[in-house]
Amino acid sequence: MSQVSQPPIDQVTLTEIRVLKKRADFLRLRHIPKDGGLRFSHKAFLLVGGPGLDPKSARFGLTVTKKLGNAVTRNRIKRRLRAAIREIAPLFAKQGHDYILIARSAATELPFETLKDALKLGLERHKA
RNA sequence: UCAGACGGUCGGACAGCCGCGGCUUUUAACGUCGAGGAAAGUCCGGGCUCCAUGGAAGCAGGGUGCCGGGUAACGCCCGGCGGCGUGGCAACACGUCAGGGAAAGCGCCGCAGAAAAUAUACCGCCUUCCAUUGCGGAGGUAAGGGUGAAAAGGUGCGGUAAGAGCGCACCGCGUUGGCAGCAAUGUCGAUGGCAUGGCAAGCCCCGCCCGGAGCAAGACCGAAUAGGAUCGGCAUUGAUAGGCUUUGCUUAUCACGGCGCGCUUUCACGCUGGAUCGGUCGGGUUGGUCGCUUGAGGCCUUGCGCAAGCAAGGCCCCAGAGGAAUGGUUGUACAUCUUGCUUUGGCCUAUGGCCAAAACGCAGGAGGACAGAACCCGGCUUAUAGACCGUCUGACGCU
RNA sequence: CGGGGCGUAGCGCAGCCUGGUAGCGCAUCUGUUUUGGGAACAGAGGGUCGCAAGUUCGAAUCUUGCCGCCCCGA
């Protein structure tokens, strides 16, 4: 666990997590980052974020390209990232924002704890 | 204890002998592994392979359909909502549902009935006129009768000549607002005064999804035969520069034309301007190797989640054959069925006979369903003797 | 293994798309005609629409699932 973890318990507000599905949403976020958005790079993924359409929740989308492997490895990456999101995002994601995780090759082998820490770091940078 | 409903798990065990298929290998022997929950139907969804140059938009064709979640994906699964049915006073429980749209349009609603979607008036009811007391004329009305699967909101009260949402209350419906919920939807009001019959598993509209073919895909090696026939597409370019074997050939760039597999448009890209590209037919082979099994794989533990399921950690390797191998037999227990003995009870024509029941005991016999991998997974559907577990309901007995 | 098609009277087929009456030919039976038969004429009988569920007021017909038969493909 890194030292940036656990905020004081009375300040914790659980953000609701949604799935980002529409192609249009992905395309919109691709152009946002210059003005106040988030762009966080890591060995395992690239995290992009910006203001979203749903004010009450944070929505997450995954992009895993064919470059990373065949269908089975790609799906495995998706499952691991989703699991990380489910544990980390309710505590650290900003309400009313959309995020996209673009997976990179390290997401296959990297330990799960490292993956979670990286995601936490990225989201906290955006919140600050 | 028995019976029933629902859900889940398993679906013959162990040992000997004789055999079968793969691997290993010295063609042997030894060793090792060797069918399923449905391997099935091929009804959906994927992986994988080949074909099509890729992106976008539209059309055609097919599929799907409450909401949210799960999933690689689905027509599947989980949770929720709503309708219908059964039980119940009710709360509710169980079952079930192809459950978007019928005030966008078209179409259909046989027979019966006056009338089947622009409403209408057969028997009636009421008013009135004539007057030869009628099967009469005019008007009002749709409560009652009758037909039908369905009759133009339902029930009750008021009202009226008789009636009618004509008025009122409740219910239903439409419009609209608040609250709860991610949503389907629920609930509480306000308001309209009835406008909106049913069928979309008829056409259709709306949202979403989908390229085609399949391991007999496809790749390689070898053999053999032929070196064919026929059909179709477009063309036989221009300019500039360079090279050479210098009146021609060739290379590059640009322009122009053509082609690129359901159709059209557009953008990019590629091929081509050749004795070239593609299709169909005919002829030959009926050999081998790969694809072919480590996979969205199993089992256990932990965490998250109501659940479907997901993640992390550990352990394991579990059919890969060619039209196709797992079988037979003997023994031992075991579930179950059955016969006799035995035991218990009852009756009688009473040292016996008959009837009924059986928890335990003894002996004998029978006896274990549906069904067999063929590239591999996820579902659905169908077939299935019997056993076990859980929940609920009912009956009987005991405490 | 994969892909198509068809089940309606004893036999061969319509009807299904667009749902309300199951029809045609041959065969069978009865009658007329003939001395008798055939032929002809007139009339009659005969069908769980492969099975089962669903949609609908109503299903041979529409939808789904089973069963059987036939055809094609290296």
Side-chain angles (χ1 to χ4, degrees):
Chain A
M1 281 288 168
S2 59
Q3 65 268 51
V4 286
S5 59
Q6 306 311 330
I9 219 76
D10 48 353
Q11 288 182 14
V12 172
T13 48
L14 288 180
T15 308
E16 199 170 1
I17 302 304
R18 290 290 159 100
V19 184
L20 198 62
K21 284 178 174 171
K22 299 273 183 208
R23 177 174 160 77
D25 288 326
F26 281 88
L27 292 179
R28 187 166 47 78
L29 273 185
R30 207 173 51 185
H31 300 299
I32 276 178
K34 13 183 134 145
D35 35 309
L38 165 70
R39 199 179 191 100
F40 175 77
S41 180
H42 185 262
K43 255 200 307 195
F45 55 81
L46 176 72
L47 177 62
V48 179
L53 299 177
D54 187 348
K56 288 200 284 184
S57 63
R59 297 192 296 174
F60 276 82
L62 294 173
T63 299
V64 185
T65 62
K66 262 191 183 172
K67 227 189 309 181
L68 297 177
N70 61 9
V72 178
T73 28
R74 292 205 301 274
N75 292 328
R76 182 175 158 71
I77 291 171
K78 283 191 228 163
R79 283 200 301 272
R80 299 189 82 204
L81 290 179
R82 265 189 222 134
I85 289 169
R86 199 165 50 233
E87 288 198 37
I88 299 299
L91 293 167
F92 295 96
K94 241 181 167 175
Q95 273 191 358
H97 281 63
D98 290 348
Y99 297 92
I100 300 180
L101 281 167
I102 300 167
R104 292 179 172 171
S105 58
T108 331
E109 303 90 26
L110 228 54
F112 190 62
E113 289 301 321
T114 321
L115 215 58
K116 287 201 292 186
D117 284 350
L119 181 61
K120 194 186 297 177
L121 201 67
L123 288 175
E124 279 192 332
R125 185 168 301 177
H126 184 224
K127 217 167 183 180

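Reminder, nothing fancy here: chain letters follow the sequence lines and each chain counts from 1.
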What stems, by residue range, does RNA chain C take part in, given at least 3 consecutive Watson-Crick or G-U pairs under 3.5 Å?
C:1-7 with C:67-73, C:10-13 with C:23-26, C:28-32 with C:40-44, C:50-54 with C:62-66

Please state how far atom CD1 in A:Ile85 lies from atom P in B:A312, giving the value in whole angstrom units.
14 Å

Apply the syn/anti split at 90° from 0 to B:G278 and say which one it is.
anti

Assigned partner base of B:C23, Watson-Crick or wobble definition, under 3.5 Å:
B:G31

Checking N1-N3 plus N6-O4 or O6-N4 for Watson-Crick, or N1-O2 and O6-N3 for wobble, each under 3.5 Å, the partner of B:U187 is B:G178

Could you list, one pair per line, each protein nitrogen or oxygen that sits under 3.5 Å from a nitrogen or oxygen of nucleotides 67-72 of chain B, together with the distance?
residue: B:A72; atom: OP1; partner: A:Arg79; partner atom: NH1; Å: 2.8
residue: B:A72; atom: O4'; partner: A:Asn75; partner atom: OD1; Å: 3.4
residue: B:A72; atom: O4'; partner: A:Asn75; partner atom: ND2; Å: 2.8

State the pairing partner of B:G248; accept Watson-Crick or G-U wobble contacts with both distances under 3.5 Å, and report none otherwise.
B:C244

What's the spacing between A:Ile88 CD1 and A:Lys120 NZ if we round to 0.5 Å?
5.0 Å

Atom pair CG/CD1 of A:Leu101 and A:Ile85 - distance to nearest 0.5 Å
5.0 Å

What side-chain donor-acceptor pairs closer than 3.5 Å can you find for residues 40-52 of chain A, not counting sequence neighbours?
residue: A:Ser41; atom: OG; partner: A:Arg104; partner atom: NH1; Å: 3.0
residue: A:His42; atom: ND1; partner: A:Ala44; partner atom: N; Å: 3.1

Using whole Å, what does the distance between atom P of nucleotide B:U302 and atom CD of A:Glu113 come to?
19 Å

Pair partner, B:A387 [Watson-Crick or wobble, under 3.5 Å]
B:U9

Which pair of heavy atoms, one from A:Arg80 and one from A:Leu115, lies closest together, and at what distance?
CB-CD2, 4.2 Å

Please state the C1' separation for the pair B:A112 and B:U96 - nearest whole angstrom.
35 Å

Provide the distance between the two C1' atoms, one in B:U294 and one in B:C377, to the nearest whole Å.
14 Å

Taking C-beta and beyond as the side chain, do A:Leu123 and A:Tyr99 meet within less than 4.5 Å on heavy atoms?
yes

For nucleotides B:A296 and B:G379, find the distance between their P atoms and express it as a whole number of Å.
13 Å

In whole Å, measure the gap between the P atoms of B:U330 and B:A366 for me.
11 Å

Please state the C1' separation for the pair B:A235 and B:G257 - nearest whole angstrom.
9 Å

Between the CD atom in A:Glu87 and the CD atom in A:Glu113, the distance rounded to the nearest 0.5 Å is 7.5 Å

Separation between the C1' atoms of B:U185 and B:A72, rounded to whole Å
32 Å

Can you measure A:Phe112 atom CZ to B:C310 atom P for me and round it to whole angstrom units?
14 Å

Integer angstrom distance from the P of C:A39 to that of C:C16:
35 Å

Value in whole Å for how far the C1' atom of B:A312 lies from CD of A:Glu87
9 Å

Would B:C377 be called syn or anti, given that syn covers angles within 90° of 0?
anti

Could you check which nucleotide pairs with B:C157 in any of the strands shown, counting Watson-Crick or G-U wobble with both distances under 3.5 Å?
B:G167

Base of B:U280 relative to its sugar, syn (within 90° of 0) or anti?
anti

If B:A103 has a Watson-Crick or G-U wobble mate with both distances under 3.5 Å, name it; if not, just say none.
none

Separation of B:C310 P from A:Leu115 CG (nearest whole Å):
18 Å

Scan every strand shown for a Watson-Crick or G-U wobble partner of B:A150, both distances under 3.5 Å, and answer none if you come up empty.
none

State the syn/anti category of B:G346 according to its glycosidic angle, syn meaning within 90° of 0.
anti

Determine if the base of B:A307 is syn or anti; take syn to mean the glycosidic torsion is within 90° of 0.
anti

Is there a Watson-Crick or G-U wobble partner for B:C341 with both distances under 3.5 Å, and which nucleotide is it?
B:G361

Nearest-Å distance once atom C1' is located in both B:G148 and B:G113:
7 Å

Taking side-chain contact (heavy atoms from CB on, under 4.5 Å) as the test, write out the residues that go with A:Ala83, two or more places apart.
A:Phe112

